[in-house]
Asker: 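Just dropping this structure here.
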Amino acid sequence: MNAKLSNKRWLYLMPVIFITYSLAYLDRANYGFAAASGIDRDLGITKNISSLIGALFFLGYFFFQVPGAVYAVKRSARKLVFVSLILWGLLAAATGLVANIPMLMIIRFTLGVVEAAVMPAMLIFISNWFTKGERSRANTFLVLGNPVTVLWMSILSGYLIQAWGWREMFIIEGIPAVAWAFIWWRVVRDKPSDVTWLTANEKRDLEQAMAAEQQEIKPVKNYRAAFTSRNVVCLCLVHVFWSIGVYGFMMWMPSIIKAGANRDIVSVGWLAAVPYLAAIVLMLTVSVLSDKFQNRKLFVWPLLLVAGLAFTGSWLVGSDAFWLSYTLLIVAAACMYAPYGPFFALIPELLPKSVAGISMGLINSFGALGAFTGAWVVGLLNGLTGSPSLSFVLMAVSLFVSVAIMVSVRPDNTSEDNRVAAKRH
C-alpha cells in the first residue's frame, strides 16, 4: 500500500512545516544571545533573575500543551497555528520594546503560552498525513527546524546585536512569523480530503493506509486510560529529563562559549552554530535508519547515553581545555537532537489515533517542564559558580535518567498495557 502513496505530500507540506517550526524556535531561542550581550546590564537583571526569565517561556509552554492538542484534534490544527504565528511574532518583537523586568517576565511567559500549541498541533498534523513507515522522517523534518534555526540564528543574531543591539534583534527576528502566518493559511489544510493537489485515487490510497494502521493498534477506553498507561507515563518522564539537557544547553550555550573562549559576540555566534550543524547531519541519518528498521527505541536511548557521556567528559576536562570541552559539547548536541524523530514517531505506534494526539500534547508538556527546569537551573548554576562545570553534571545525570526510563518502555507490550489501563478505569 505504501508504494502507491503520493510523494507530493513531501513537496507540498514539508517545506511549510519546517519553516513554521523554525520560526517558533527563532523567537524562543534568541533570548540566550540577548543574555550574553547586554540585556541583563541594560535592565538591571541579576544572574538569578536572568535564569528565571530565560526559563519562564517553558512554564507557559507547559500549562497550555494539552489544551492546544485538544483544540487541534477536535477543531483545527491549521487555525490554531495560524493564530499562534501572529501572536508569537508580535510578542517576540515586543521583547525589544521592554522597559523593565516585570514586562519582560510577562512577555516571556505569554510567548510560551502562545507557542505551546504549535508542537502538538504539528505532530497531530503530521500523523494525519504520513504513515508509520514515513513518520520518523516527517517528524525529523519538523524538529529539524530546531537545530537549523539555532544554527543560522546564532550567526545572524551575533551580527544584528553587533550592528544595532539586542532590542533591534528581537524586533527584526519577530516580524517574519507574522508574515508567514498568511502563507501557512493559504497553503495548509487539515486533512488530505480537503486539498485539490491530490487526486481522488491518491486520497483513497492514503486513507486506506491510515485505516489499516489503526486496525493494528488496540483501542484505549478514554484519555484517562491513555494518560495513566505505563508507556505514556514513561515517555513523559523520559521527555522531562531529556529536555533538562537539551534546553539547559540551548539557552545558555552562547554564555558558556563567551566565557570559555573569551570571544566577541559574532565569534560566539559562529562557534554556537557548529553543534547544531552536527545535530542536523545526525538527525537526518537517524530518521532514515529509524524508518528503515522500524525500531524506534534503538535510535533514542543509545544516543542519549552518548550525550550524557559527552557532558561528563566536558565536566572532567574543565575550563583549562576549552577546545576539547567544546568538541564534546558538539557531540552532546548532535546526540541529544538526533532521537526526536524516532521518539515522536513511537507515540502514535503505541496508541490509537483517538488518544495519540492529545497524549503527544501531554508528553510534550512534560518536556516543557524539563525545559523550564534545565533553562532555569543551568543558568542559575552558571551564575552562582561562574563556571559551567556543575551544569554539565546536571545535564549528564538528567540524560542518564532518561536513558534508564526509555529502556523500560515496551512497545511490543503496548496492547496489554492499554487493556490493563482500560480495565482499571
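If you read the sequence from its start, that first residue is 1, and numbering goes on from there.
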Asker: Can you tell which of Tyr247, Phe344, Phe366 makes a ring pair (Phe, Tyr, Trp, His ring centres under 6.0 Å) with His239?
Answerer: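 Filter result, single survivor: Phe344.
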Asker: Can you give me every donor-acceptor pair (side chain of residues 53-65, partner residue at least two apart or in another chain, under 3.5 Å) with its distance?
Answerer:
{"residue": "Gln65", "atom": "OE1", "partner": "Asn364", "partner atom": "ND2", "Å": "2.8"}
{"residue": "Gln65", "atom": "NE2", "partner": "Ala116", "partner atom": "O", "Å": "2.6"}

Asker: Using atom types as modelled and distance alone, determine if a side-chain donor or acceptor of Asp190 lies under 3.5 Å from a backbone N or O of Ala77.
Answerer: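 Looks like yes, one N/O pair under 3.5 Å.
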Asker: Could you tell me whether Arg78 sits above the aromatic face of Trp185, with NZ or CZ closer than 6.0 angstrom to the six-membered ring centre and within 45 degrees of the axis?
Answerer: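 Flagged: Arg78 positioned over aromatic ring of Trp185.
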Asker: Might you confirm whether atom CH2 of Trp129 has over 12 heavy atoms from other residues, nucleotides or ligands at distances under 6.0 Å?
Answerer: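 Check passes, neighbour count above 12.
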Asker: How about Tyr276 and Trp152: are their ring centres within less than 6.0 Å of each other?
Answerer: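 Here the rings of Trp152 and Tyr276 have centres that are no less than 6.0 Å from each other.
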Asker: I want to check something: taking the side chain as every heavy atom from C-beta on, are Cys335 and Leu282 in contact at a cut-off of under 4.5 Å?
Answerer: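 Yes. Closest side-chain heavy atoms under 4.5 Å.
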Asker: Please find the pair of heavy atoms, one from Val300 and one from Pro339, that lie closest to each other, and give the distance.
Answerer: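 Taking Val300 first and Pro339 second, the nearest heavy atoms are CA-CB, 3.7 Å.
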Asker: Parallel, tilted or perpendicular: which describes the rings of Phe182 and Phe82, with under 30° parallel and over 60° perpendicular?
Answerer: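 Phe182 and Phe82: perpendicular rings.
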Asker: For residues Val98 and Ile107, report the shortest heavy-atom separation together with the two atoms involved.
Answerer: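 Scanning both residues completely, I find the closest heavy atoms to be CG1-CD1, 3.5 Å.
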Asker: Can you tell me if Lys191 has over 12 outside heavy atoms packed within less than 6.0 Å of its NZ?
Answerer: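 At most 12 heavy atoms, drawn from other residues, nucleotides or ligands, come within 6.0 Å of this atom.
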Asker: Where do Cys234 and Ser408 come nearest, in terms of heavy atoms and distance?
Answerer: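 Smallest interatomic distance, heavy atoms only, reads SG-OG, 3.8 Å.
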Asker: For residues Val195 and Leu198, determine if any side-chain heavy atom of one lies less than 4.5 Å from a side-chain heavy atom of the other.
Answerer: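 Answer yes - side chains close enough.
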Asker: What I want to find out is whether Glu202 reaches Arg9 closely enough, with some N-O distance under 4.0 Å, to be called a salt bridge.
Answerer: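 So Glu202 does not pair with Arg9 through a salt bridge.
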Asker: Centre-to-centre under 6.0 Å for Phe343 and Trp301, is that the case here?
Answerer: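 Between Phe343 and Trp301, the centre distance exceeds or equals 6.0 Å.
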Asker: Give me the atom names and distance for the closest heavy-atom approach of Met103 to Leu97.
Answerer: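 Nearest pair, atom of Met103 first, then Leu97: SD-O, 4.4 Å.
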Asker: Is the distance between the ring centroids of Phe372 and Trp376 less than 6.0 Å?
Answerer: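 Ring centroids of Phe372 and Trp376 are less than 6.0 Å from each other.
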Asker: Not counting sequence neighbours, list each pair that qualifies as a side chain to side chain donor-acceptor pair (under 3.5 Å) and has a residue in residues 162-172.
Answerer: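 Those involving residues 162-172 are Asp42-Trp166.
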Asker: Counting only heavy atoms from other residues, nucleotides and ligands, does the tally under 6.0 Å from NZ of Lys8 exceed 12?
Answerer: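 Enclosed.
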Asker: Should the pair Trp323 and Tyr326 be assigned to parallel (<30°), tilted (30 to 60°) or perpendicular (>60°) ring geometry?
Answerer: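 Because their plane-to-plane angle is over 60°, the rings of Trp323 and Tyr326 count as perpendicular.
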